[in-house]
Structures are given as C-alpha cells and as structure tokens.
2 protein chains.
Amino acid sequence: MHTQLNHRMTKQRQIIIEELRKVTSHPTADQLHEMVRKRLPRISLSTVYRNLETLSSEGMILKMDSAGTQKRFDGTVENHYHIRCSRCGRVDDVHMETIPEIEEIARRRSSYQSVSHIIEFTGICPNCYSQSRG
Amino acid sequence: MHTQLNHRMTKQRQIIIEELRKVTSHPTADQLHEMVRKRLPRISLSTVYRNLETLSSEGMILKMDSAGTQKRFDGTVENHYHIRCSRCGRVDDVHMETIPEIEEIARRRSSYQSVSHIIEFTGICPNCYSQSRG
DNA sequence: TTACTATTAAGAAGCATTTGCAGTTAAAAT
DNA sequence: ATTTTAACTGCAAATGCTTCTTAATAGTAA
Ligand SMILES: [Mn+2]
Ligand SMILES: [Mn+2]
Ligand SMILES: [Zn+2]
Ligand SMILES: [Zn+2]
C-alpha cells in the first residue's frame with residue numbers, strides 16, 4: 001500500500017553514487033559528469049541529471065537547493081551546515097553541532113508545519129584569501 | 001577616490017523600489033514585473049532585472065541567493081531569516097532573534113574569512129496545510 | 001539649449017536543466 | 001536459461017530564467 005518504486009541499479013547509477021560519495025566537494029552536475037566519465041566515457045549529462053534527481057528524491061543523496069547558479073550535490077544526507085566562498089564558489093562542510101531547537105521557534109513564529117532548516121555560511125576561502133594578500 | 005556611481009533615479013527604478021517595499025512576499029523578478037506594470041504598463045522584464053541587480057549591488061534591496069528555481073528579492077536589507085513552503089514555494093519572514101555567534105564558530109572550524117550566514121527554514125505553509133486536511 | 005551618457009524597451013542570446021524518443025537492459029516472471 | 005516488460009540510456013531538442021545587445025530615450029550639467 002506504499003509507493004511502488006521499481007528502480008534499477010544500473011552501472012550508471014551505481015557509479016554516480018560511488019563518485020559522489022568519494023568526494024567532499026559538493027560537485028555540480030557537470031563536474032560529477034566529468035568525474036563519472038573517467039569510468040563510463042559514454043555517459044550523458046542528462047543521465048547524470050536524471051539519476052541525481054531520482055537519488056535525491058529517494059533520500060540517498062542531497063540536492064543542495066542553495067545559492068549560486070548551479071545546483072550542487074552532496075553524498076552526505078545527515079543535516080550539516082555549509083560554507084560557500086563568495087569569490088570562487090567552492091562549498092565546504094562546516095563541522096559543528098546543528099541547532100535543531102531553532103526549528104521549534106520558527107514553527108511557532110511562522111505557523112508553518114513540519115519545519116526543517118539549513119544554515120549556509122558565506123565567506124572567503126583560504127585559497128582565495130591567500131591569493132588576495134600576495 | 002572611491003567608485004563614482006552616477007545612478008539616476010528613473011521612474012522605473014523608483015517604482016520598482018516602491019512596489020518591492022510595499023510587500024512582504026519576496027517576489028520573483030517576473031512577479032515584481034507584473035506588480036510594476038500596473039503603474040508602468042510598458043516597462044520591460046529586463047529593466048526589472050537590470051534594476052534589481054543594480055539596487056542589490058548598492059545594498060538598497062536584498063537579492064535572496066537562496067533555494068528554488070527563481071531568484072527572489074527582499075525590500076528589507078537587515079539580516080533576518082526566511083521560511084519557504086515546500087508545496088507552493090511562498091517565502092515568509094521569520095521574526096526571531098538572529099544568532100550571529102555561530103559565525104565565529106564557523107570561521108574557526110572552516111578557516112574562511114569574513115563569514116556571514118543565512119538560515120532558511122522549510123515547511124508547509126498554513127494555506128497548503130489547511131488544504132491538505134480538507 | 002546643447003552635449004553627454006545612463007537608462008530604456010524589445011528581442012536575441014546564454015546557460016543550466018528537463019524532456020521526447022527510439023533503442024537498450026536490469027530484473028522479474030516463466 | 002529464456003522470455004517479458006517497463007525502467008533506463010544517449011542524444012537532440014526544448015524549456016525557462018537571466019543576461020546581453022542595440023538603437024532610441026531621457027536625466028543632468030554647462
Ligand atoms: Mn556537505
Ligand atoms: Mn525577508
Ligand atoms: Zn575561494
Ligand atoms: Zn504553501
């Protein structure tokens with residue numbers, strides 16, 4: 001009586017998951033496409049997009065619906081926070097405790113239901129900072 | 001010796017600011033275009049985009065670099081948090097204290113510089129929730 | 001008024017993402 | 001092992017949001 005998901009584990013899907021989980025770099029779809037191509041040279045970009053969509057709706061990966069022009073994808077599903085470089089666009093994890101308490105505050109103030117949250121920090125990454133000081 | 005900004009306050013720019021500041025709804029560029037058209041029927045969408053870009057780079061409005069397919073714009077410049085409905089996409093302010101302390105934590109953990117932050121809540125808005133319960 | 005140049009409207013272009021389709025293949029059924 | 005079937009793929013074309021180009025227009029200063 002629940003949704004029937006007849007998903008197949010194709011080579012393509014398997015390798016997309018593997019490559020995404022190898023890195024901590026939150027790649028865009030086309031970056032991931034390049035990574036996967038090393039192992040499957042004929043895979044198309046639309047297959048990457050299609051699978052990223054499927055995998056994220058299954059909760060197997062995270063689609064980062066956040067800042068920047070391109071979407072980014074994350075192999076880590078547990079809630080954690082990110083910091084994005086305003087110069088070069090790179091995204092890193094921030095290893096700190098999450099603060100789920102604020103969801104209850106937001107729920108009361110907004111009267112929305114089923115509240116979750118993300119925090120996105122922005123700053124200048126070490127690379128870009130050291131470049132700017134010569 | 002600072003950047004000379006020879007910006008003109010045109011009818012179009014004036015009315016775009018006014019209409020954006022009238023609402024709390026964080027409109028997309030095309031929604032704002034429709035609003036402005038009531039007063040300036042011949043204004044083009046690209047003029048709206050161009051002015052929103054100019055105004056946000058001047059710090060007069062906020063370009064919300066956040067979730068969803070379309071960018072949204074905010075007449076309120078001070079840092080505050082938002083909640084977005086996962087069903088219909090509407091975005092509301094969340095009137096709660098901001099927690100700038102976490103920026104120092106993120107700065108130490110990430111070694112990024114000049115850290116700022118946004119919090120975005122997600123949930124089901126009252127409209128969508130009442131619809132779903134009949 | 002005249003000169004100067006920021007700004008405009010309209011549409012084309014750019015670019016990330018999605019979709020249609022005909023052929024392919026994983027995996028359930030036999 | 002073979003058949004069956006619908007999910008999946010690669011490719012190309014389409015879509016949708018945003019930015020850019022261009023000739024005309026309109027603030028601003030002299
Ligand atoms: Mn992450
Ligand atoms: Mn707001
Ligand atoms: Zn950087
Ligand atoms: Zn809603």
Side-chain angles (χ1 to χ4, degrees), chain A residues 3-20 26-58 60-74 84 89-91, chain B residues 3-20 26-58 60-74 84 89-91:
Chain A
T3 312
Q4 179 70 340
L5 297 172
N6 289 330
H7 287 150
R8 294 173 183 172
M9 187 49 66
T10 59
K11 265 197 300 315
Q12 290 88 341
R13 184 163 300 166
Q14 184 61 51
I15 293 179
I16 288 167
I17 297 176
E18 285 174 17
E19 291 299 312
L20 180 57
H26 311 89
T28 60
D30 63 299
Q31 288 170 340
L32 193 52
H33 181 223
E34 283 310 311
M35 293 156 61
V36 170
R37 277 227 262 206
K38 305 257 161 67
R39 295 172 61 189
L40 283 179
R42 296 188 51 73
I43 192 174
S44 72
L45 179 57
S46 44
T47 295
V48 174
Y49 271 111
R50 246 187 317 246
N51 278 296
L52 290 171
E53 184 58 37
T54 305
L55 291 167
S56 75
S57 71
E58 287 171 334
M60 298 190 59
I61 65 169
L62 198 69
K63 177 163 62 174
M64 298 174 60
D65 232 359
S66 65
T69 57
Q70 293 182 64
K71 290 195 180 94
R72 288 177 175 272
F73 298 87
D74 193 334
R84 184 172 48 89
R90 74 177 277 176
V91 174
Chain B
T3 312
Q4 178 70 337
L5 297 171
N6 288 329
H7 287 149
R8 295 172 181 169
M9 186 50 66
T10 60
K11 261 196 306 311
Q12 289 88 340
R13 184 163 300 167
Q14 182 63 49
I15 293 179
I16 287 168
I17 298 176
E18 285 174 16
E19 291 299 311
L20 180 57
H26 311 90
T28 60
D30 63 299
Q31 288 170 341
L32 193 52
H33 182 221
E34 282 309 311
M35 292 156 62
V36 170
R37 277 228 263 207
K38 305 258 161 65
R39 296 172 60 187
L40 284 178
R42 295 187 51 73
I43 193 174
S44 72
L45 179 58
S46 44
T47 295
V48 174
Y49 270 110
R50 192 171 347 94
N51 277 297
L52 289 171
E53 183 58 38
T54 305
L55 291 167
S56 74
S57 72
E58 286 173 334
M60 296 191 61
I61 66 168
L62 199 69
K63 178 162 60 175
M64 296 173 62
D65 235 357
S66 67
T69 57
Q70 292 183 65
K71 288 197 181 95
R72 289 178 176 271
F73 298 87
D74 194 333
R84 185 172 48 90
R90 73 177 277 177
V91 174

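The structure displayed is predicted, hence computed values, not measured ones. Only this structure's heavy atoms are used, side chains among them; waters, hydrogens and symmetry mates stay out. Here is the naming used below: chain letters follow the sequence lines, and residue numbers restart at 1 for every chain.
Inter-residue side-chain proximity for A/I43 and A/I16 is flagged as met; some heavy-atom pair is nearer than 4.5 Å. Residues A/T10 and A/R13 meet the side-chain proximity criterion, which asks for heavy atoms closer than 4.5 Å. The shortest distance between side-chain heavy atoms of A/M64 and A/F73 does not fall below 4.5 Å. Counting only heavy atoms from C-beta outward, the side chains of B/Q12 and B/V48 never approach each other to under 4.5 Å. The shortest distance between side-chain heavy atoms of B/Q31 and B/R72 falls below 4.5 Å. Residues B/E18 and B/R39 are in side-chain contact: their nearest non-hydrogen atoms beyond the backbone lie under 4.5 Å apart. Contact of the B/T28 side chain with the B/L32 side chain is not registered, since no non-hydrogen atoms from C-beta on lie closer than 4.5 Å.
For the pair A/H7 NE2 and D/dT9 C1', the computed distance is 15 Å after rounding to whole Å. One can place CZ of B/R72 at 10 Å from P of D/dT18, the figure rounded to the nearest angstrom. Summarising the geometry, the separation between CZ on B/R42 and P on D/dT25 is reported as 11 Å, rounded to the nearest angstrom. Distance B/E53 CD to C/dA6 P: 17 Å, rounded to the nearest Å. Rounded to whole Å, the distance from CZ on A/R13 to C1' on D/dC8 is 7 Å. In this structure, A/I16 places its CD1 atom 11 Å from C1' of D/dT9, rounding to the nearest Å. A/Q70 places its CD atom 16 Å from the C1' atom of D/dG16, with the value rounded to the nearest Å. Rounded to whole angstrom, the span from the CG atom of B/L40 across to the P atom of C/dT7 amounts to 16 Å.
In the set D/dC17, C/dT18, C/dT8, the nucleotide with an atom closest to the side chain of A/Y49 is C/dT18. For B/N51, counting side-chain heavy atoms from C-beta on, the closest listed nucleotide (D/dT9, C/dT18, C/dT8) is C/dT8. Here the side chain of B/R8 is nearest to one of C/dT5, C/dA9, D/dT18, namely C/dT5.
Between the B/H26 side chain and the B/V91 main chain, a donor and an acceptor come within less than 3.5 Å of each other.
A donor and an acceptor atom sit less than 3.5 Å apart, one in the side chain of B/S46 and one in the base of C/dG11. A donor-acceptor contact under 3.5 Å is not formed by the side chain of B/T28 with the base of D/dC17. Side-chain N/O atoms of A/R50 and base N/O atoms of D/dG10 include a donor-acceptor pair closer than 3.5 Å.
A sub-4.0 Å separation between OP1 or OP2 of C/dA9 and a side-chain N or O of B/Q12 is present.
The CE atom of A/M35 lies 13.0 Å from the CG atom of A/L40; values are rounded to the nearest 0.5 Å.
Remark on DNA chain D: of its neighbouring residues B/F73 and B/T10, the 5'-side contact belongs to B/F73, judged by nearest-heavy-atom nucleotide. When the nearest nucleotides of DNA chain C are assigned to A/L45 and A/M9 by heavy-atom distance, the more 5′-ward of the two goes with A/L45.
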Show your reasoning for whether side-chain contact (heavy atoms from CB on, under 4.5 Å) applies to B/I17 and B/M9. CA-CA 10 Å; B/I17 298 176; B/M9 186 50 66; 4.2 Å; yes

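For residues 29-39 of chain A, proximity to DNA chain C is found at no residue, defined as any non-hydrogen atom under 4.0 angstrom from a strand atom.
Where the helix from C/dT1-D/dA30 to C/dT30-D/dA1 starts and where it ends, the local axes point in directions that differ by 40°; five pairs per end, rounded to 10°.
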